[in-house]
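Notes follow once the structure below has been shown.
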Amino acid sequence: MRTRFIFWVVIFQLATIHAQFQVIPSGASWKYFSGSAPALNWMDSSFNDIGWTNGFTQMGYGDGDETTVLYGGPDTGNYPTYYFRKQINIPDTSLYPGGFMVRIKRDDAFVFYVNGLQIFQNNTIGLISQYNYLASSPCIDDGNTWITFYFPPGIAVNGINTFAAEVHQYENTGGDLSFDCTVDGLNTASPICIRGPYLQSCTENSVVIKWRTNISSNSVVYIGNTYNVFTDTIFDPTNTYGHEVHLTGLNPGTKYYYTVGSIAGISVQDTAKYFYTPRISGVPYELDIWVTGDCGTGYINQFNTANAFSGYIGNKYVDSWMILGDNAYLYGLDDEYQSNFFESYKSYRYLSQTCIWPTPGNHDYYNTTNLESRNTPYYKIFTVPTLAEAGGVASNTEQYYSYNLGNVHFISLDSYGTEGSQKMYDTTSLQAVWLKQDLAANTMPWTILYWHHPPYTMGSHNSDIEPDLVAIRSNLVKMIERYKVDLVLCGHSHNYERSKLIKGHYGLENTYDPFVHLTNSSSAYYDGTPHSCPYFKRTDDTVNTGVVYVVAGNAGKHTSTSSGWP
């Protein structure tokens with residue numbers, strides 16, 4: 001069985017110049033193969049590629065900028081996958097302690113290998129590549145921009161190294177294909193930030209800053225209230241690729257500029273690297289929150305959604321970013337998070353300014369068959385408050401947790417993973433027992449719950465027939481209605497749906513009766529007409545007077561609806 005390694009991708013921002021030696025330039029000769037699936041070991045150094053054809057990059061067809069024009073396939077349809085190999089001598093890999101930087105142009109998807117090991121994939125749809133696999137979506141740049149990633153120095157060997165790539169079409173009848181590649185050796189040990197930085201577990205007095213570097217190094221965070229005037233330094237001497245620094249002793253409601261790096265120097269610094277600590281818990285103030293469900297696709301819809309939000313919010317600070325699960329397609333792999341989440345959002349200021357509050361979805365578990373396991377990239381990437389550091393009752397697990405912002409209590413749940421073979425909707429499960437304890441202890445006037453699988457949806461998923469959704473509606477909804485929950489946010493269905501203020505509906509969609517289940521006379525329109533928004537709920541009511549349910553699973557793609565779509 002071939003061992004699979006996934007390493008790290010794209011420079012987010014670079015403050016220092018890193019000396020490099022070009023191992024493979026653009027325009028180099030590569031061998032290529034098309035028309036059928038090659039031998040299984042085609043990417044290995046031992047493979048004999050004597051029957052492959054030579055050409056110079058850029059290779060492809062259909063765009064008019066190719067140095068080597070490839071055959072586009074038979075008249076009835078083009079080949080789904082093309083294969084490329086190049087062997088080159090690296091006499092002394094110790095000259096490159098910073099590892100190697102790879103840049104690729106592709107249309108539409110690619111998988112890249114070094115000496116037979118899979119290093120990175122982009123826009124692909126499967127764990128194991130096959131000839132007939134198609135790209136998950138057409139690449140939005142039409143193959144005109146470089147995709148940049150890195151691999152550590154230990155992957156290369158002294159002597160002959162084999163670099164290989166497979167490029168997949170989005171559809172067999174696609175009219176173009178592109179491939180170009182450069183490889184550079186980094187002859188300095190100064191670390192480069194290749195993920196983030198991003199913020200986690202923000203409280204009125206603390207924050208966690210995380211980032212990743214191309215080589216292992218110590219961690220330094222510089223922080224201050226004025227740009228480029230840093231009054232505090234937090235240092236962790238442990239050498240690591242994945243950096244996590246906990247800042248404490250901060251002041252509530254305060255703006256802090258920050259930069260990250262190592263003793264060797266600053267890696268990331270610009271005027272957009274700042275955050276506001278939340279104000280004192282319980283004090284009401286306006287919160288601007290971005291909620292994205294099923295966002296990490298790399299599809300054009302993901303960028304359209306982010307651009308639309310940016311246009312809407314303008315220059316306002318975003319207090320919170322809630323992601324509703326299925327945060328990286330298709331399997332929740334680390335490189336899928338890198339490509340479809342961190343790289344996709346790297347040009348938006350929210351990634352480094354706004355605290356991300358996650359919840360897992362089924363795709364975040366797809367690289368494991370054990371739903372009890374927390375050994376998945378999701379649980380390594382995100383750090384959440386498990387000991388009630390941000391309010392609520394300690395959960396003692398990153399699977400579910402709660403926190404306060406202003407006078408709002410938030411609860412994130414896991415609707416797919418299990419504990420003791422029990423799911424969230426099993427009312428005797430550890431998660432459900434904790435949820436009841438947390439809700440009972442909550443004193444905030446507003447309560448928002450979020451998880452992945454919706455109790456009410458007729459979108460790309462159907463809550464009348466899917467067992468998990470039926471069970472959540474039958475069991476969990478009944479439970480949360482005993483408490484003063486105001487809003488429930490879910491993803492999973494790749495659509496937007498919103499209920500009115502409802503209570504007591506646990507059956508099929510066609511059993512909903514507004515005269516029975518509607519608890520407020522608002523029309524739910526926001527148009528200023530009589531009985532339009534807002535809803536009214538009294539915080540001193542002894543019973544819950546209804547919940548609004550929102551499905552927001554279309555931040556990454558938008559698909560069809562079910563027959564019961566209202």
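Given the structure is predicted, the values throughout are model-derived calculations rather than measurements.
A donor-acceptor contact shorter than 3.5 Å is absent between the side chain of Thr386 and the backbone of Thr397. Formation of a donor-acceptor pair under 3.5 Å by the Tyr403 side chain with backbone atoms of Thr203 is not found in this model. Judged by distance alone, the side chain of Asn214 and the main-chain N or O of Ile192 form a donor-acceptor pair under 3.5 Å. Remark: the backbone N or O of Ser262 is not paired with any side-chain donor or acceptor of Asn218 at under 3.5 angstrom. The closest donor-acceptor contact from the side chain of Glu372 to the backbone of Asn370 lies at 3.5 Å or more, if one exists at all. Of the possible donor and acceptor atoms, one in the side chain of Ser344 sits under 3.5 Å from a partner among the backbone N and O of Ser339. Arg473 places a side-chain N or O within 3.5 Å of a backbone atom of Ser463 that can act as its donor or acceptor partner. Between the Gln200 side chain and the Thr383 main chain, a donor and an acceptor come within less than 3.5 Å of each other. With hydrogens and angles ignored, the 3.5 Å screen pairs a side-chain donor or acceptor of Lys210 with a backbone N or O of Ile381. Remark: side-chain polar atoms of Glu336 are paired, donor with acceptor, to backbone N or O of Tyr331 under 3.5 angstrom.
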Between Val208 and Leu199, is a side chain to side chain contact (heavy atoms under 4.5 Å, CB included) present by the stated rule, with each step listed?
CA-CA 6 Å; Val208 176; Leu199 308 177; over 6 Å; no
Checking side chain to side chain contact (heavy atoms under 4.5 Å, CB included) for the pair Val550/Tyr496: CA distance, chi angles, key distance, verdict?
CA-CA 7 Å; Val550 172; Tyr496 176 76; 3.9 Å; yes
Derivation of the side chain to side chain donor-acceptor pair (under 3.5 Å) call for Thr238 and Asp236:
CA-CA 6 Å; Thr238 306; Asp236 184 342; 3.1 Å; yes
Determine, step by step, whether Leu435 and Ile480 satisfy the side chain to side chain contact (heavy atoms under 4.5 Å, CB included) criterion, reporting the C-alpha distance in whole Å, the side-chain angles of both residues, the deciding distance to 0.1 Å, and the verdict.
CA-CA 9 Å; Leu435 175 61; Ile480 67 173; 4.2 Å; yes
Step by step, work out the side chain to side chain contact (heavy atoms under 4.5 Å, CB included) result for Val547 and Val477.
CA-CA 10 Å; Val547 182; Val477 166; over 6 Å; no
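Under the rule for a ring-ring contact (aromatic ring centres under 6.0 Å, His included), the partners of Tyr400 that lie at least two apart in sequence or sit in another chain are Trp434.
No hydrogens or angles considered: a donor-acceptor pair under 3.5 Å links the side chains of Tyr366 and Asn362. Under the 3.5 Å distance criterion, with hydrogens and angles disregarded, no donor-acceptor pair is assigned to the side chains of Glu204 and Ser281. A side-chain donor from one of Asp438 and His409 sits under 3.5 Å from a side-chain acceptor of the other. Counting only N and O atoms by type, the side chains of Asn304 and Tyr299 include no donor and acceptor under 3.5 Å apart. Judged purely by distance below 3.5 Å, without hydrogens or angles, the side chains of Tyr365 and Asp414 pair a donor atom with an acceptor atom. Judged by distance alone, the side chains of Tyr350 and Ser310 do bring a donor and an acceptor atom under 3.5 Å apart.
Within the 4.5 Å cutoff, the side chain of Arg374 has no heavy atoms near those of the Glu398 side chain. A heavy-atom distance below 4.5 Å is not found between the side chains of Val551 and Tyr456. Taking the side chain as every heavy atom from C-beta outward, Val260 and His243 never approach each other to under 4.5 Å. Residues Thr148 and Val102 form no side-chain contact, since every pair of their non-hydrogen atoms from C-beta on lies 4.5 Å or further apart. Looking only at side-chain heavy atoms (C-beta outward), Asp364 and Thr376 stay at 4.5 Å or farther from each other. Side-chain contact check for Val183 versus Val114: every heavy-atom pair is 4.5 Å or farther apart. The shortest side-chain heavy-atom distance between Val207 and Thr277 does not fall under the 4.5 Å cut-off. Counting heavy atoms from C-beta outward, Leu247 and Ile234 have side chains that approach closer than 4.5 Å.
A ring-centre distance under 6.0 Å is not found for Tyr348 and Phe309. Taking the six-membered ring for Trp, Trp357 and Phe410 have ring centres at least 6.0 Å apart. Ring pair Phe341/Trp321: centre-to-centre distance below 6.0 Å. Centroid-to-centroid, the aromatic rings of Phe151 and Phe120 stay 6.0 Å apart or farther.
Taking a 6.0 Å sphere around CD1 of Ile280, one finds it holds 12 or fewer heavy atoms contributed by other residues, nucleotides or ligands. By the 6.0 Å contact criterion, CH2 on Trp446 is open, its count of non-hydrogen atoms from other residues, nucleotides or ligands being 12 or less.
Distance check, rounded to the nearest 0.5 Å: OG1 of Thr354 to CG of Asp288 gives 9.5 Å. Atom OH in Tyr241 sits 8.0 Å away from atom CD1 in Ile215 (nearest 0.5 Å). Rounding to the nearest 0.5 angstrom, the gap separating the OG1 atom in Thr457 from the NE2 atom in His494 is 10.0 Å. Put simply, CZ on Phe235 and OH on Tyr222 are 9.0 Å apart, with the number rounded to the nearest 0.5 Å. To the nearest 0.5 Å, atom CG of residue Asn122 and atom CG of residue Asp108 are 10.0 Å apart. Note that OG1 of Thr418 is 12.5 Å distant from CE of Met424, once rounded to the nearest 0.5 Å.
At least one test fails for Lys255 against the ring of Phe275: distance under 6.0 Å to the centre or angle within 45° of the axis.
Test His492, His453, His363 against Tyr416 for ring pair (Phe, Tyr, Trp, His ring centres under 6.0 Å) and you get one pass: His453. Between Tyr198 and the choices Phe342, Trp211, Tyr337, Tyr258, the ring pair (Phe, Tyr, Trp, His ring centres under 6.0 Å) rule is met once, by Phe342.
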